[in-house]
*Asks:* 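This is the structure I have questions about; it appears just below.
Note that ligands are numbered from 1 as they come in the structure, with each ligand's atoms numbered from 1 the same way.
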Amino acid sequence: MKKVIVIFFLFVSAIALKAQTYIITSPRSIVKAEFSLKRGHPEYQVYFKDKAVIKSSSMGFELKESPSLKDLPPMKDNFLLSSVDSSLVNETWQPVWGEVKIIRNNYRQYIFHLIEKDDQQTKLDIVFRVFDDGVGFRYEFPAQKNLTVFVISDELTQFHVTGNHKAFWIPGDYDSNEFQPVTSSLSEVDAASGKDVNEIAFKTPINANTVQTPLMMKTTDGLYLNIHEAALVDYPAMNLSINKSNYVLSSTLVPDALGSKAYLIAPAKTPWRTIIVSDKATDILASKMILNLNEPSKIKNTSWIKPMKFVGVWWEMHVGKSTWDYAGTQDGSNAKDLKPSGRHGATTKNVKRYIDFAAKNKIDGVLVEGWNTGWEDWFGKWKENVFDFVTPYPDFDVKEIQRYAASKNVKMIMHNETSGAVTSYERQMDTAYRFMKKFGYPAVKTGYVGRIIPRGEHHDGQWMVNHYIRVAEKTASYNIMVDMHEPVRPTGLQRTYPNWLACEAARGNEFNAWSKGNNPDHETILPFTRLMGGPMDYTPGIFQIKLDVYDPKKTEQVHTTLAKQLALYITMYSPLQMAADLPENYEAHMDAFQFIKDVAVDWDDTKIIEAEPGDYITIARKAKGKSDWFVGSITDENKREANINLNFLDKGKKYMATIYADGKDADWKNNPMVYLITRQTVDSKSALSVNLAPGGGCAISLIQIK
Ligand code: NOJ
Ligand code: CA
């Protein structure tokens with residue numbers, strides 16, 4: 001790894017710097033941040049190619065008085081600048097898994113050391129890192145005499161954007177991010193109109209003008225702008241409140257049970273606030289800034305961490321073919337007294353069917369949900385000890401399943417649904433993970449459906465943010481990989497905890513099974529929003545798109561064509577990819593399933609070929625340690641022609657291209673399951689043009705001919 005760090009120290013007297021403004025330029029001068037202290041008040045601005053993207057915006061905090069902390073000065077408008085440090089960093093590092101093999105981390109850093117003017121004691125540092133694709137800044141509270149344990153009642157950070165930009169947003173919320181993104185101008189945001197209240201049992205909306213991050217915008221002058229955060233540790237998540245008269249977006253932190261925002265002990269630091277900007281949408285998807293702002297892996301030996309594909313006893317419950325619980329009653333009765341309904345999904349026999357399918361088709365793992373007692377009484381009760389994570393239903397033979405899976409070289413994936421009773425889970429984590437080690441489970445999917453216990457805490461508050469990290473650390477101590485459903489949205493912590501392979505933390509494919517579903521543009525927005533922070537367990541790969549086959553009364557359908565489901569393995573990045581449909585639905589289309597068999601889950605290289613948020617995305621990725629490439633291209637509700645220049649292929653080599661395209665007259669609503677598979681020899685001089693149906697897509701494998 002090459003590393004060049006140049007450090008300059010700039011010690012200046014507080015008085016001399018009173019009204020000074022600092023301009024911090026990115027390594028190639030593309031992005032600039034300006035920091036100034038105006039009458040003691042810290043402010044910043046951001047420019048892209050000398051065009052303002054963030055106008056003069058406030059920084060600082062309100063602190064909360066408490067019996068032990070009186071007379072604290074607010075940390076916002078009475079500062080002096082005592083000194084400034086700056087440095088230039090240019091290094092590369094290798095992720096344990098990822099979209100590319102090597103990541104460059106190149107930025108200029110300035111640290112502004114502020115001190116309170118009147119007490120000459122209270123200290124606050126503001127750190128800026130300016131990259132060629134954006135700006136990260138964070139606050140640091142150095143160790144100091146009169147600020148030890150303290151409570152933040154508000155973070156005052158603002159992002160003053162330059163106009164009424166087009167925004168891709170979901171409503172601000174303390175507990176859920178499983179919303180359909182809306183595309184509108186900032187002035188038209190109506191976060192109270194996300195009327196899918198009944199679909200998410202545990203949401204806590206904020207108000208009509210507040211949205212979540214990552215917030216993706218296309219500016220009125222055609223730039224692409226993304227606001228989020230990096231390294232969310234020991235701090236609540238940030239929502240953004242929009243002032244519709246001046247387009248100032250203000251940080252709105254998720255409160256705790258007492259209405260405070262964060263309890264900190266100096267020395268302490270906030271997450272990075274991130275502003276990614278470019279004149280090309282493809283650059284937003286290629287940005288590694290959020291990962292670069294996170295700490296390197298805390299796990300020394302990572303050889304046990306392995307990206308994987310899996311199938312699962314899962315979609316069959318979501319479409320109502322079988323049930324999570326043993327008796328199919330969900331009436332709160334005790335499982336031991338219940339009779340099997342004959343519709344339980346997690347039976348030894350059914351699990352073996354999935355293991356057989358996985359073994360036959362190069363799928364690494366099998367997830368099983370509904371294997372442990374408690375499912376008859378789990379939903380919406382807000383009570384403790386629903387699940388114990390170690391007691392199987394009588395028809396799930398954990399030992400026999402371990403033996404059978406091992407004999408077929410298939411890995412089992414554990415499921416721990418907490419139903420939001422996190423206190424119960426914390427008490428039982430060691431027991432649960434010891435059980436996994438004993439029965440050969442290298443990975444666990446966790447879930448947080450329901451209101452959080454400790455009561456009053458929120459999914460996205462400081463207490464839960466720390467819980468998710470405790471789970472990542474504890475699973476790592478058992479060499480277990482983890483996939484979290486319903487956590488706070490990711491902020492690049494997968495760099496620090498590479499066993500934390502994926503999260504759901506957004507509206508997954510599951511909504512297509514039992515609600516009004518996801519709009520056909522959903523998957524063209526998620527990579528620009530939710531996935532900016534990290535991989536998503538979206539659960540692609542649904543082949544049986546019309547759901548009336550399970551029940552003639554089921555009018556729901558997946559809002560996609562079959563070919564688009566294949567493309568999602570490329571456009572929706574994750575080192576953990578589910579083939580979410582039932583074995584029998586794959587067996588009916590083994591020619592199309594071939595793509596899922598072949599596609600990699602870990603990559604040496606990624607090219608974002610074309611992209612426009614809300615409209616289309618085409619991405620090519622090179623399989624880790626191989627010469628093969630895979631391409632995915634998706635569109636929204638409009639048909640389009642994807643033009644894919646193959647100039648990324650090795651020069652002078654021939655490749656067999658297998659193109660999995662939408663069939664003639666395909667359409668997500670009326671004709672979603674027709675597809676056409678064609679083959680042709682290509683090289684780096686070739687270009688492919690493929691028709692994508694309304695709501696459609698295409699997937700291409702490019703296998704080097706040896
Ligand atoms: C919601 C999760 O997203 C889903 O994958 C899971 O099946 C259910 N909760 C039950 O835990
Ligand atoms: Ca979910």
Side-chain angles (χ1 to χ4, degrees), residues 170 173 175-181 196 198-203 212 310-326 328 330 344-346 350-351 354 365-381 386-389 393 413-422 424-425 432 443-452 459-460 464 468 471 482-490 501-518 522 526 530 535-542 558 572 574 576-582:
I170 58 173
D173 198 282
D175 282 286
S176 184
N177 31 45
E178 301 192 347
F179 299 94
Q180 178 68 61
D196 46 7
N198 298 328
E199 295 182 339
I200 304 161
F202 50 91
K203 72 176 218 169
Q212 301 198 32
F310 66 106
V311 288
V313 180
W314 182 75
W315 185 248
E316 59 177 84
M317 280 89 93
H318 283 273
V319 295
K321 183 178 173 238
S322 62
T323 62
W324 277 270
D325 68 314
Y326 179 63
Q330 300 235 359
H344 184 213
N350 196 29
V351 172
Y354 281 79
V366 175
L367 163 78
V368 184
E369 295 197 2
W371 67 277
N372 58 329
T373 58
W375 289 90
E376 46 290 322
D377 193 22
W378 78 288
F379 194 76
K381 301 281 165 67
V386 170
F387 295 109
D388 70 6
F389 315 101
Y393 281 124
I413 301 175
M414 174 50 73
H415 184 227
N416 285 175
E417 172 58 64
T418 67
S419 67
V422 185
S424 301
Y425 193 52
V444 57
K445 168 179 170 179
T446 58
Y448 298 91
V449 172
R451 297 216 169 274
I452 297 297
H459 285 75
D460 297 351
M464 282 301 289
Y468 307 123
V471 172
V482 60
D483 167 22
M484 297 185 198
H485 278 228
E486 299 85 33
V488 68
R489 73 284 185 283
L501 290 185
C503 293
E504 185 189 44
R507 193 177 173 101
N509 222 359
E510 64 185 18
F511 275 78
N512 280 309
W514 36 254
S515 79
K516 65 183 183 213
N518 301 337
H522 188 51
L526 282 177
R530 157 66 182 79
M536 177 167 180
D537 183 20
Y538 185 70
T539 67
I542 302 304
V558 187
M572 205 71 97
S574 179
L576 190 68
Q577 288 283 24
M578 186 170 201
D581 212 333
L582 315 181

*Asks:* Enumerate the protein N/O/S atoms at a distance below 3.0 Å from the Ca ion (ligand 2), ignoring waters.
*Replies:*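 Only Glu178 OE2, Glu486 OE2, Glu504 OE1, Glu504 OE2, Glu510 OE2 fall inside 3.0 Å of the Ca ion (ligand 2).
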*Asks:* Assess whether side-chain contact (heavy atoms from CB on, under 4.5 Å) is satisfied between Phe511 and His522, documenting all intermediate values.
*Replies:* CA-CA 11 Å; Phe511 275 78; His522 188 51; over 6 Å; no
*Asks:* Please tell me whether Trp314 and His485 form a close aromatic pair, meaning their ring centres lie under 6.0 Å apart.
*Replies:*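 Not under 6.0 Å, so no.
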*Asks:* Evaluate side-chain contact (heavy atoms from CB on, under 4.5 Å) for Leu501 paired with Asp483, printing each intermediate quantity in order.
*Replies:* CA-CA 6 Å; Leu501 290 185; Asp483 167 22; 5.7 Å; no
*Asks:* For the rings on His318 and Trp324, is their centre-to-centre separation under 6.0 Å?
*Replies:* yes
*Asks:* Protein residues near ligand 1, heavy-atom distance below 4.0 Å?
*Replies:* Trp314, His318, Trp324, Glu369, Trp375, His415, Glu417, Lys445, Val449, His485, Glu486, Glu504, Glu510
*Asks:* One pair to check against side-chain contact (heavy atoms from CB on, under 4.5 Å): Gln180 and Asn518. What are the steps and the verdict?
*Replies:* CA-CA 6 Å; Gln180 178 68 61; Asn518 301 337; 4.0 Å; yes
*Asks:* side-chain contact (heavy atoms from CB on, under 4.5 Å), that's the test. Do Val482 and Tyr468 meet it? Break it down for me.
*Replies:* CA-CA 10 Å; Val482 60; Tyr468 307 123; over 6 Å; no
*Asks:* Is Glu504 salt-bridged to Lys445, going by a charged N under 4.0 Å from an acidic O?
*Replies:* no
*Asks:* Measuring only between side-chain heavy atoms, which start at C-beta, is Ser515 closer than 4.5 Å to Arg507?
*Replies:* yes
*Asks:* Are the ring centres of Phe389 and Tyr425 closer than 6.0 Å?
*Replies:* yes
